[in-house]
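Letters A, B, ... are given to chains in the order of the sequence lines, protein chains preceding strands, and every chain is numbered from 1. Hydrogens, waters and symmetry mates are skipped; everything else that's a heavy atom, side chains included, is used. This structure is a prediction, so every number in the text was calculated from the model and none was measured.
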Amino acid sequence: MSSGVLMRLTEVIKTYGDGVKVPALRGITLDIMEGEFLVLLGHSGSGKSTLLNIVGGVDGATSGQVLFRGSDLVSASGRELRRYRREHVGYVFQFYNLIASLTARENILLAAEMVGSPASVDELITAVGLDEKANRFPSHLSGGEQQRVAIARAVVKSPDLLLCDEPTGALDSGTGDRVIQLIRELNLQRGTAVVMATHNRDIATVADRVVELRDGRIVNTSGQPA
Amino acid sequence: MTWLLIRRLLRASWRVRGQVFVAVAVVMLGVSALVALGGSYRQLAASRDAFYARYRIADITVNTLVGSHDARDLANGIPGVERTAARLVLPLSANVGEARLMLEVRTFEPEADSLNALHLYEGSGLLESGIYVERNFARHHGLEVGDSVELLPDSEVVRLTVSGIVGSPDVVYTMRTIQDIAPPLDGFGVAYVGEATARRIAGELPEGASARSVLVGPEYNQILLAVDNGVRVSEVAEDAEEHLSSLRPTRVIKNRDLLSDIVLRNNIDQIGAVAAVFPMMFVVVALMLIYVLIARLVEAQRRELGVLLALGVGHAPLMLSFMAIPVLIGGLGAVAGVLLGERLATLAVSFYASYFNMPVMGGVQSVGTPWLAIMLILVTCLFAGALPVRHMLAVQVPIDLLRPHTPTASKETDTLGGVVRRLPVRWRISARSLLRNHRRSRPVVLGSVASIVLIVCSVFILDGMDYLMRAHFSEFNRQDVTVVFTEMQEIGAGLLSDEPHVARAEPILELPVRVTSTQGSQTVVGTGVSPGAHLLDLGDRLPGPGEVIVSERLAEELFLTPGDWVTVDVAGNTSEFRVVARVTQLVGTGAYFPIESLSELADIPPSATKALLETSGADIASLRTSLMTNPAIGTVELREEQRDLFRNTYMGALYVFVGMAAFFAFTMGFLVVFGTTSIDLIERAADFVILKTIGYSAGEIARQMTIENLVLSVESMLMGMPLAVLMAWQLSGVFGTDILSMPFVIYPRTMVIAAGASVAFTVLAQARNGWEIEQQGMTGQLAE
């Protein structure tokens, strides 16, 4: 593997169901490069979220190889996957998935405390523009604000890989644009590789590379890694 | 429509089946306890009443100092008396196996409808040289039909063969005096012989003569009376005392003052009191669980309810559909509880009837309790279930239900200060969950509090009895050995104190006395003590001539305080005594006089019926052997043996009861915490998945849940223990009897046991959390 490759997926297959098998990924082969902004583009049911979950270590592949810096996630134990998620991955979800009983600041601190780097929390709160609302609970934040908290929580660990699953899916277009801009800035400033799943072609314009999925297969790739 | 809604709700309930199961189990425990204890109480009370009626317990028993052949004829002249019986009662020394003891040998009337008739458990008709032995005594000494018993009147030996094992309504408990903490089976028993044998023993009939050859009976010294219907027993008792004054009655005992009946009545009433209180705790916890369960179901169904209302479904079918869950829980729990409770009641009745030494009679009495339990449970379950549904349907229009719910518990910004803010962030989730989500924490706290209260109150009964035993056997009675004489012994110099290894001997005279104050009258055991006596703990001082010390219980009944004067009557002789002190006496009640004063009042020379001995390093068993060679000694009771007897017989039943109650309480606590934890796992799945996604392990999250629940456990202890102390205080009143004062004592170990049990069932209920959290799929939750 070249030094620029962060993650290599080879013939990754994922099927669901015990009786009737429902294929979600049908042999995905893909390299994710260090520091690149990669968009997985596809309609609902195309397999982009499944691929994101496998890359994030929250779901397992049925077969194939998923190498993170040379270590195979498919054969990794639960403990190894947990360490992988803890140390290398940040996750941003469509519906934010903040913990309702923690304030915005605490949601970010939660992830920071886990890796022992709480120093950058205040800086990040400023960076995502939530100084005034850092002590509010999620139920008292707008969707865009909640998503910015989720982004800050994901990057506070300084992950190698930031995974974003339809991060603007629940936001209006203006707010969505600002969220995408924020992710892009973090990508450029911190050198964190970003893999974003979306069905929105407009968002794809900010990416270094766009991989289009349909029915669990890669049907098109455009652009070049940064 | 309603069935469709019910089906929909049942599917939704399947997600919370753990909680449903727990609610069913707690209802079942409550109902089974109610049925078992309530059924036992009713059955035992009915058995007692049937036993008393079938074997005609005497309404009044009169013991006389003077015996008479004509006692029965005299008694027949008492107004209001329907039937009479007369007996000769002989306190005799006896050899039973290796033991020397006192046997109260009585004559009896063989007719089936006679007063205090005998129930023959084993054996057949009484042989010429036969004896019937009371069942508890026979069991204790291993006596069987065909064994022999040696009676020792005036140093003679009369050998009789056991013809039968019997019971009688007046000797369900064979208490010797009210001072006995339990039936003194080691040294005392009751037996029955024919009149000819009794007269021969009493020296009235020459050897070889038959009772049939004599026209009159022996000199009876006990008269039994049954009063006419509608006549007051107390009035007849007063008339009897006057009518029989020529026989010098020593005690006129109404049936409710019979020691046997007092103990039996109190024991059965205690079961009744426990039956009323303990199961209610389970029912209250079950209702609260049902309320919380329905409230959570309603909340989870919020959006669907909105859709259904928007579609035009009325409140009534929705309400009815939700009622299916409490009906299901109440119905299943109540039916299972009734089945289990009936079985337990049968076992309990058979155990208690054997322990209480009476036959099970009176037919099946448990009908009523199960129906009452089922109806009570169903009505209250419906009520508990209806509240949250009504609340949801009454205050909101459909569109409100379709909007996202704004949590009311959450403030806009963090208002929790101090300690919470200093906690690591992960623990703040727990802190806020505990402090703000009361619907989650209240069931755990309430269930744990109920469990702690039940455990403390159960074990408290053992504490109280243990303290009572120590106080009775070590503090109030300090003697190592109690010697009971066959007949009164005149106090001479060195009564038994010359015996080897006897460091101190104190004569005791016990006689029934009637103490009368301005407020009333009581017949109690009058105890004469010698000057300088210290083996009975009478407090700071001993009574001097003309003085009496009274027990707290007697003082309360007659409203006596030091300085008051009382009239004391012994077999018709009366004298005035001044009360100089009250003494705390946990077992029995009594009055304490100088031995000379009491003897003088009884018109006898200074005498003793007992001697209390303090030993000096002797082999106490060999001391007993040595003492038993003295023909004047009827029985020798060792303190250690008495204590063991009490512990092994009376306490044995208590251990069973306490063990059952503690087990039920522990199970309830476990079920409540387990059920609530199951719901927690479902409700907080999203949070847990987020924690897992950012790198926390299932084990770390499970440990966090365990600690959350342990915090609630500590909160429960802080609330439950003071409540338990309050309830134990109430219980000490219920468990106090006319014979025993239940002391209000809770040992620290009881609190430790309750706290340990609370921690144990809390931790046990969390055991599978790690596995459950590990199994929670991440991808599904994250997409929601």
Side-chain angles (χ1 to χ4, degrees), chain A residues 14 16 24 49-50 52-54 56-60 78-79 81-115 118 121 133-141 150 153-154 156-157 159 163 165-166, chain B residues 403-417 420-437 440 680 683-701 704 708 770-771 773-784:
Chain A
K14 176 71 181 177
Y16 290 108
S49 291
T50 304
L52 208 64
N53 288 337
I54 289 171
V58 297
D59 201 358
R79 183 184 295 266
L81 280 175
R82 191 164 60 247
R83 192 180 305 130
Y84 165 71
R85 290 197 300 270
R86 183 184 293 223
E87 294 172 3
H88 302 292
V89 180
Y91 229 116
V92 178
F93 307 98
Q94 180 178 359
F95 295 106
Y96 332 127
N97 285 332
L98 298 179
I99 292 179
S101 56
L102 293 179
T103 62
R105 189 171 191 282
E106 288 170 346
N107 265 284
I108 302 165
L109 260 176
L110 178 69
E113 277 186 0
M114 198 175 51
V115 291
V121 170
K133 297 181 177 177
N135 288 323
R136 288 194 181 183
F137 287 101
S139 56
H140 297 279
L141 297 174
R153 183 181 67 185
V156 74
K157 298 188 294 182
L163 304 175
D165 191 2
E166 298 277 13
Chain B
R403 288 194 189 110
H405 182 55
T406 308
T408 51
S410 156
K411 304 282 191 299
E412 184 178 343
T413 56
D414 186 17
T415 52
L416 296 174
V420 174
R421 279 183 183 226
R422 280 194 281 274
L423 289 173
V425 176
R426 190 156 57 101
W427 293 110
R428 293 184 212 177
I429 302 173
S430 299
R432 294 204 179 97
S433 170
L434 294 175
L435 292 168
R436 289 183 175 159
N437 195 339
R440 188 178 294 158
D680 257 14
E683 289 188 346
R684 298 169 73 183
D687 280 2
F688 294 161
V689 167
I690 295 166
L691 290 172
K692 278 162 68 181
T693 306
I694 61 178
Y696 285 97
S697 70
E700 285 173 308
I701 300 167
Q704 184 166 337
E708 280 176 26
W771 183 83
I773 294 168
E774 191 69 59
Q775 297 305 305
Q776 285 174 342
M778 289 197 278
T779 51
Q781 289 286 349
L782 294 172
E784 284 177 5

**OP:** Check whether Leu98(A) gets within reach of chain B through its side chain, its backbone, both or neither, counting any heavy atom under 4.5 Å.
**Re:** backbone
Original post:
salt bridge (charged side-chain N to carboxylate O under 4.0 Å, His left out) with Glu774(B): which residues, sequence neighbours excluded?
Top reply: none
Original post:
What part of Arg83(A) gets closer than 4.5 Å to chain B, counting heavy atoms only: side chain, backbone, both or neither?
Top reply: neither
Subject >> Set of side-chain contact (heavy atoms from CB on, under 4.5 Å) partners for Asp680(B), sequence neighbours left out >> reply: Arg296(B), Arg440(B), Arg684(B), Met705(B)
**OP:** For the residue pair Val689(B) and Val58(A), establish whether any side-chain heavy-atom pair is separated by less than 4.5 Å.
**Re:** no
Original post:
Just how far is it from atom CD1 of Ile690(B) to atom CG of Leu110(A), taken to the nearest 0.5 Å?
Top reply: 9.5 Å
Original post:
Looking only at heavy atoms, which two atoms of Arg82(A) and Ser697(B) are closest? And how far apart?
Top reply: NE-CB, 2.8 Å
**OP:** Can you see which heavy atom on Arg86(A) is nearest to which on Glu700(B), and at what distance?
**Re:** NH2-OE1, 3.1 Å
